Protein chains: 2
Amino acid sequence: MLSNIREVADLAGVSVATVSRTLQQPELVSPKTRARVTRAIEQLDYKPNLMAVKFRSGKSHNIVVLVPTVANVFFARVIRGMQEAAAAEGYSLLLVNTMGDNATEQNYARMIHTSQADGVVQLRAFNPFNENDVDDQGLLPMVNACEILDAPQCPTVSLDNRLAAAAMTEHLVELGHQHIAMIKGPASSPLTRERMLGFKDALRESGLNYCEDLMFDGDFTLQSGFDAADRILSQTHPVSAIFCENDEMALGAISRLKAAGLRIPEDISVTGFDNIAFSNFSDPPLTTIAQPAEEFGETAINLLIDVLKGKAKRAVKVILPYQLIIRNSTGPAPAQPVNPTQ
Amino acid sequence: MLSNIREVADLAGVSVATVSRTLQQPELVSPKTRARVTRAIEQLDYKPNLMAVKFRSGKSHNIVVLVPTVANVFFARVIRGMQEAAAAEGYSLLLVNTMGDNATEQNYARMIHTSQADGVVQLRAFNPFNENDVDDQGLLPMVNACEILDAPQCPTVSLDNRLAAAAMTEHLVELGHQHIAMIKGPASSPLTRERMLGFKDALRESGLNYCEDLMFDGDFTLQSGFDAADRILSQTHPVSAIFCENDEMALGAISRLKAAGLRIPEDISVTGFDNIAFSNFSDPPLTTIAQPAEEFGETAINLLIDVLKGKAKRAVKVILPYQLIIRNSTGPAPAQPVNPTQ
DNA sequence: AGAAAAAATGTAACCGATAACATTTTCTGA
DNA sequence: TCAGAAAATGTTATCGGTTACATTTTTTCT
């Protein structure tokens with residue numbers, strides 16, 4: 001059924017080497033034999049066994065992608081970008097849903113040691129490798145995307161989250177907001193820390209006080225945004241705006257705020273981060289920070305391939321641009337901020 | 001750096017076969033030698049080269065997953081289910097974003113011929129194989145999930161879309177709706193046809209007329225739902241409810257309807273399909289059909305592994321249950337249906 | 001104890017391609 | 001025309017495991 005290179009060689013009346021060359025370096029084969037071989041290949045519908053090629057070459061042309069969860073809309077876009085870049089270079093993606101589990105990540109990163117994959121793209125700021133895994137250039141076969149992992153041995157593609165968060169905060173401050181709550185991502189995510197720092201930066205620059213009581217925990221899901229808004233409503237500090245660390249939490253929060261009869265943005269402003277498709281169709285459409293998600297994926301893959309090909313001499317850090325998208329979930333601060341216990 | 005089986009054999013003072021057996025069928029090796037080998041493996045930190053194993057065994061333990069687009073929230077959940085089932089059985093997923101392109105799908109399905117993958121999970125109703133690809137049981141190394149592909153040679157896991165659509169329609173009819181528009185998916189999707197048939201079934205049973213003019217095309221994206229609603233608003237037939245073939249289009253439609261000043265469900269009811277997370281946090285929360293997305297993925301993978309292991313004697317068709325989830329996007333039909341040109 | 005059976009281990013072919021090296025063929029130029 | 005260079009092609013070891021088969025060791029039973 002499946003023919004191999006020997007059958008092709010026999011049918012074409014040449015040696016296996018000639019068949020291999022016809023496929024790999026056709027310029028080394030004379031036109032006539034090349035034609036004979038090509039015809040034999042077609043006749044037998046020969047397809048090289050890529051497992052054999054990969055085994056022999058020691059290159060699997062597979063890339064492990066460690067994603068906290070594919071259910072996240074932003075990551076879905078990043079993955080799409082990776083897909084395309086990888087396909088263009090002849091690489092396949094082995095997608096792993098890590099659910100944020102370090103042990104799982106280390107497990108899968110080990111696929112490199114078993115030659116199942118050549119490299120890893122990590123979407124979380126966790127390093128599943130150790131010093132022994134660096135190559136001759138001193139680089140890890142890994143690229144870190146979206147979140148910043150403090151590993152000098154690997155290229156990173158990210159966004160200046162601190163600056164972006166500051167820009168968003170300034171937008172709120174300009175609208176007159178003085179009581180801004182924040183719904184954060186999990187504490188384990190450096191992204192959360194960066195965005196919080198940007199938030200603080202902007203408050204300080206504006207002469208506003210940072211209030212620890214107005215920081216609420218979330219986990220980037222709709223439900224967690226909903227729950228955090230619930231907690232915001234049941235505490236005593238005044239609040240006129242909520243800065244959410246991603247769009248999903250913002251949409252969840254809006255859902256809860258509306259259920260409480262609050263109008264957005266008249267009573268309270270809400271902002272997101274990521275600019276997922278839903279944020280443009282919500283009521284109201286969400287003010288958010290656009291990230292070039294597909295480009296994140298694309299860049300990550302290309303950087304990794306550079307490392308794998310030994311083209312990268314040192315770990316570059318790529319910072320992609322963000323964009324503040326102002327829609328209708330933010331408006332002028334109300335005369336009287338929301339404060340349920342008043 | 002990376003040690004191979006021969007080094008382990010040398011260190012343990014046994015033959016390579018014994019090392020291999022220690023790993024594959026330990027019961028064939030005496031406890032003492034097994035211990036010696038195990039110690040050598042640890043000392044050398046030996047990891048079998050899985051590319052070699054896969055090549056030799058002819059089984060890649062890879063599964064190609066053809067997804068129209070990972071950006072679709074429903075598919076993201078299905079993929080998560082597949083991930084887990086695959087990992088549990090030692091398989092890896094090669095995810096391919098086909099963007100609905102037949103040529104791309106055939107290309108990637110070909111990974112089976114090049115021994116890069118053992119099987120395919122197809123989330124679209126397109127068969128990238130031909131009759132030659134069936135195994136000795138007469139089965140294709142493929143499982144069809146979500147949409148029903150009319151291929152008797154491959155297992156299918158789906159939902160009774162026709163029945164579910166009918167149930168949803170009945171719900172609207174019971175609320176008194178007599179002018180129901182439908183926003184469909186792409187005509188190329190059999191799912192669209194099934195849901196439309198269910199819609200028609202229910203109308204007929206209720207003695208209502210089916211009106212071709214109230215069928216609108218979409219492509220399962222938010223934007224297409226928005227656009228379709230726009231078209232609904234600019235035509236002349238009265239409409240009191242819109243049945244959308246998925247949640248994303250429903251949310252897009254709601255966005256457009258609200259922009260026109262319509263209240264949901266007081267002026268017009270809207271329904272979705274899939275029960276994605278967003279549908280529970282929208283304003284209003286969406287009445288929809290819940291599908292067990294993760295279970296789809298899980299079942300698909302398990303069926304495929306059965307086929308690959310030769311355990312499946314014939315192509316089974318699994319029908320998973322749906323559930324009508326009634327939220328606040330549907331309500332009693334208004335006295336006067338929406339009809340902008342009136 | 002010794003033969004037969006069972007268990008443990010070893011030897012080496014093999015999977016399918018690649019590529020180093022060897023050999024043959026074709027081309028070039030005096 | 002013929003030596004030498006260049007081009008084309010062939011031969012074969014090799015990648016790292018698995019496994020059929022051969023051989024050796026241990027156990028069992030009379």
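In what follows, every chain begins at residue 1, and chains take the letters A, B, ... in the order their sequences are listed. Please read all numbers here as calculations on a predicted model, not as lab measurements.
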Over how many whole Å does the gap from [X] atom [atom1] to [N] atom [atom2] extend?
X      : N      : atom1 : atom2 : value
B:Q116 : C:dG16 : CD    : C1'   : 14 Å
A:K59  : C:dA17 : NZ    : C1'   : 17 Å
B:R21  : C:dT11 : CZ    : P     : 11 Å
A:K47  : C:dA17 : NZ    : C1'   : 16 Å
A:F55  : C:dT18 : CZ    : P     : 13 Å
A:K54  : C:dT18 : NZ    : P     : 13 Å
A:Q25  : C:dA20 : CD    : P     : 9 Å
B:M51  : C:dG16 : CE    : P     : 15 Å

Does atom CG of A:N130 have more than 12 heavy-atom neighbours from other groups under 6.0 Å away?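 Above 12, so yes.
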Please classify the nucleic acid contact of B:T33 as base, sugar-phosphate, or nothing, using heavy-atom distances under 4.0 Å.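 Here B:T33 touches the backbone only, sparing every base.
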Do A:D135 and A:P141 come within less than 4.5 Å of each other through their side chains, counting heavy atoms only?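 They are not in side-chain contact.
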State, yes or no, whether a side-chain contact exists between A:M142 and A:P128 at a heavy-atom distance under 4.5 Å.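 Yes, at least one pair of side-chain atoms sits under 4.5 Å.
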Return yes if a side-chain donor-acceptor contact under 3.5 Å exists between B:R124 and B:N102, otherwise no.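 Yes, B:N102 and B:R124 have a side-chain donor paired with an acceptor closer than 3.5 Å.
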Whether the A:T114 and B:K47 side chains hold a donor-acceptor pair (N or O, under 3.5 Å, no angle test) is what I'd like checked.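 Looking only at side-chain atoms, B:K47 and A:T114 do not form any donor-acceptor pair under 3.5 Å.
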Listed partners of B:Y91 passing ring-ring contact (aromatic ring centres under 6.0 Å, His included), at least two apart: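 B:Y91: ring-ring contact (aromatic ring centres under 6.0 Å, His included) contacts with B:H61.
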Run through B:E105, B:M111, B:R110, B:Q106 and flag the one making a side-chain contact (heavy atoms from CB on, under 4.5 Å) with B:Y108.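 That would be B:M111; it is the only one of B:E105, B:M111, B:R110, B:Q106 passing the side-chain contact (heavy atoms from CB on, under 4.5 Å) with B:Y108.
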Closest-nucleotide ordering on DNA chain C, the 5'-leading residue of A:S20 and B:R36: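 Counting from the 5' end, the first nearest nucleotide belongs to B:R36.
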Under-4.0 Å side-chain N/O to phosphate OP1/OP2 contact, B:S30 with C:dT9: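 Indeed, a polar side-chain atom of B:S30 lies that close.
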Terminal contacting nucleotides, 5' and 3', DNA chain D versus chain B (heavy atom, 4.0 Å):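 Result: D:dG16 to D:dT19.
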For A:S60, does its backbone N or O pair with a side-chain atom of A:D118 as donor and acceptor, under 3.5 Å?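 It does hold such a pair.
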Using only atom types and a distance under 3.5 Å, with no angle test, would you say the side chain of A:E147 pairs donor to acceptor with the backbone of A:S189?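 Side chain of A:E147 to backbone of A:S189: no pair is present.
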Please confirm whether any donor atom in the side chain of B:R56 sits under 3.5 Å from an acceptor in the base of C:dG16, or the reverse.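 In this structure, the two groups form no donor-acceptor pair.
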Tell me which residues in residues 6-19 of chain A lie within less than 4.0 Å of DNA chain C, going by non-hydrogen atoms.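 Going residue by residue through residues 6-19 of chain A, the ones with a heavy atom under 4.0 Å of DNA chain C turn out to be A:R6, A:A17.
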